[in-house]
Amino acid sequence: PAGVSTQVGDSSVIITVEEGDFTVDGPVSVSGAGRLLLNALGTSVPADLTVNATIETASGSVSLLARDDVSLSDAGSVTVLSGTGTLDLQAMEGMLTMGAASVLQTNSGNIRLLAEGAMTLGIVDVRSNGARAGSALDDQASWGDISVHSVTSDIRDARDRTDVSTAIYANAARFLAIEGIGETGVGIDNSIDLEAALLAASTTEGVINITEASAIVVGSVDVLTVDRVDTDATVFTVADAATLAGLTTTALVDGAVIIRTIDGSLVVEESVSATANGALLLQASGVGSDVLLNADVVSASGSISVQA
């Protein structure tokens with residue numbers, strides 16, 4: 001048989017490659033409440049974790065860890081099928097790269113993505129199974145939250161800029177990067193395409209470009225926690241460092257902030273700000289959609305447009 005699987009019970013799967021790369025070309029399936037850890041530990045040589053197949057747990061949490069890069073090809077996916085299991089992916093000294101068709105999915109369990117380098121996103125989905133089946137927003141408050149953090153680089157969409165379908169589904173979403181969140185510019189404009197109720201994002205040297213499918217609140221997103229699966233199959237909590245609020249860029253040049261809705265109102269409860277000559281665009285599209293400003297919207301010297 002191909003891959004690795006547990007058939008019954010709550011047995012976990014723990015696989016650590018102590019030196020060198022770790023490639024998953026066959027399916028991995030864990031039954032019951034069993035947990036999964038795939039770890040490219042690497043101490044003296046580069047150690048990447050590459051997923052080219054389907055990874056599933058019935059309800060247990062998953063950790064995918066690498067000393068260097070973590071990547072999912074278009075054929076790669078990681079899914080918690082039911083229960084409240086979480087997903088924990090970390091590229092400790094490298095990049096985290098998802099193919100445009102790759103999928104990270106839970107049944108309302110949180111997803112935390114952390115990379116030292118660049119972050120490229122495919123489909124990240126923490127809806128409930130019911131909401132996913134019915135394409136409904138009725139229970140969005142019960143969906144999971146997502147945290148995406150590039151420590152030294154940027155966060156971008158893996159898909160072609162002409163694909164504006166939603167790729168990120170969450171109740172609350174937080175994005176933190178040094179060199180930008182989404183892309184702007186003639187011929188390269190490519191936003192992060194989101195369906196979330198609550199949003200916060202911050203970048204130091206780049207832009208923020210986010211498109212929301214329905215209504216959204218720019219506010220304060222609490223510290224997000226997920227399970228880190230240990231080598232003995234127990235779990236401990238890993239979390240973001242601090243609450244993240246508003247939309248902020250602190251670039252010395254051109255730190256623009258663009259937040260748009262396709263069909264819904266935009267409510268600003270925490271400040272939206274850009275330093276230097278960064279422009280700001282706040283736009284709510286759709287019949288009856290409004291922009292409600294309950295906090296400051298500030299650019300040091302750039303233009304500000306608010307449209308509804």
Side-chain angles (χ1 to χ4, degrees), residues 1-5 13-17 19-30 36-42 45-57 60-81 85-106 109 111-127 132 146-150 153-170 175 177 182-183 188 190-194 226 229:
V4 175
S5 65
V13 173
I14 309 295
I15 305 175
T16 296
V17 176
E19 296 293 347
D21 296 335
F22 185 175
T23 302
V24 180
D25 282 335
V28 178
S29 177
V30 182
L36 175 64
L37 168 64
L38 302 181
N39 186 4
L41 185 61
V45 296
D48 299 335
L49 173 59
T50 302
V51 177
N52 299 318
T54 298
I55 294 173
E56 295 180 346
T57 65
S61 294
V62 178
S63 290
L64 303 184
L65 312 175
R67 175 62 55 191
D68 294 294
D69 296 340
V70 174
S71 61
L72 284 80
S73 69
D74 283 338
S77 65
V78 186
T79 304
V80 178
L81 295 172
T86 63
L87 296 186
D88 160 41
L89 279 69
Q90 183 173 356
M92 298 176 189
E93 297 177 4
M95 301 180 294
L96 198 162
T97 305
M98 299 178 65
S102 64
V103 178
L104 300 175
Q105 181 176 299
T106 68
I111 294 179
R112 183 173 184 258
L113 308 178
L114 175 61
E116 181 69 19
M119 184 85 67
T120 304
L121 300 176
I123 298 169
V124 183
D125 186 347
V126 293
R127 289 177 290 181
R132 190 177 298 114
I146 66 163
S147 172
V148 184
H149 183 187
S150 169
S153 190
D154 67 326
I155 300 168
R156 63 182 63 191
D157 188 348
R159 304 172 309 163
D160 187 88
R161 60 186 295 269
T162 60
D163 185 349
V164 296
S165 60
T166 302
I168 313 295
Y169 297 87
F175 299 89
E183 301 171 274
I188 64 170
N190 196 357
S191 63
I192 303 297
D193 298 310
L194 183 68
V226 295
V229 182

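Nothing fancy with the numbering, it's 1 onward along the sequence. In what follows, every heavy atom counts, from backbone to side chain, and hydrogens, waters and symmetry copies are set aside.
Put simply, the side chain of Ile111 reaches to within 4.5 Å of the side chain of Thr106, judged on heavy atoms. Within the 4.5 Å cutoff, the side chain of Leu72 has heavy atoms near those of the Leu89 side chain. Contact of the Phe175 side chain with the Ile146 side chain is registered, since non-hydrogen atoms from C-beta on lie closer than 4.5 Å.
Scored by the side-chain hydrogen bond (donor to acceptor under 3.5 Å, both in side chains) test, Asp25 finds Asn52 as partners (sequence neighbours excluded). In this structure Gln105 satisfies the side chain to side chain contact (heavy atoms under 4.5 Å, CB included) test together with Thr79, Val103, Asp125, Arg132, sequence neighbours excluded.
Looking at Ser29, its side chain never comes within 3.5 Å of a backbone N or O of Ser5 through a donor-acceptor pair. Of the possible donor and acceptor atoms, one in the side chain of Asp68 sits under 3.5 Å from a partner among the backbone N and O of Ala47. Put simply, the side chain of Asp69 gets close to the backbone of Met95: a donor and an acceptor are under 3.5 Å apart. Between the side chain of Ser63 and the main chain of Val229, a donor-acceptor pair closer than 3.5 Å is present.
Listed here is the closest heavy atom pair of Asn190 and Arg159: ND2-O, 3.0 Å.
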Begin with the C-alpha distance, continue with both residues' side-chain angles, and end with the deciding distance and a verdict on side-chain contact (heavy atoms from CB on, under 4.5 Å) for Asp21 and Thr50. CA-CA 8 Å; Asp21 296 335; Thr50 302; over 6 Å; no
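The number of heavy atoms from other shown groups lying within 6.0 Å of CZ (Arg156) does not exceed 12.
Separating the OG atom in Ser191 from the CD atom in Glu183 is a distance of 10.0 Å, to the nearest 0.5 Å. Note: Asn39 CG to Phe22 CZ = 8.5 Å, rounded to the nearest 0.5 Å.
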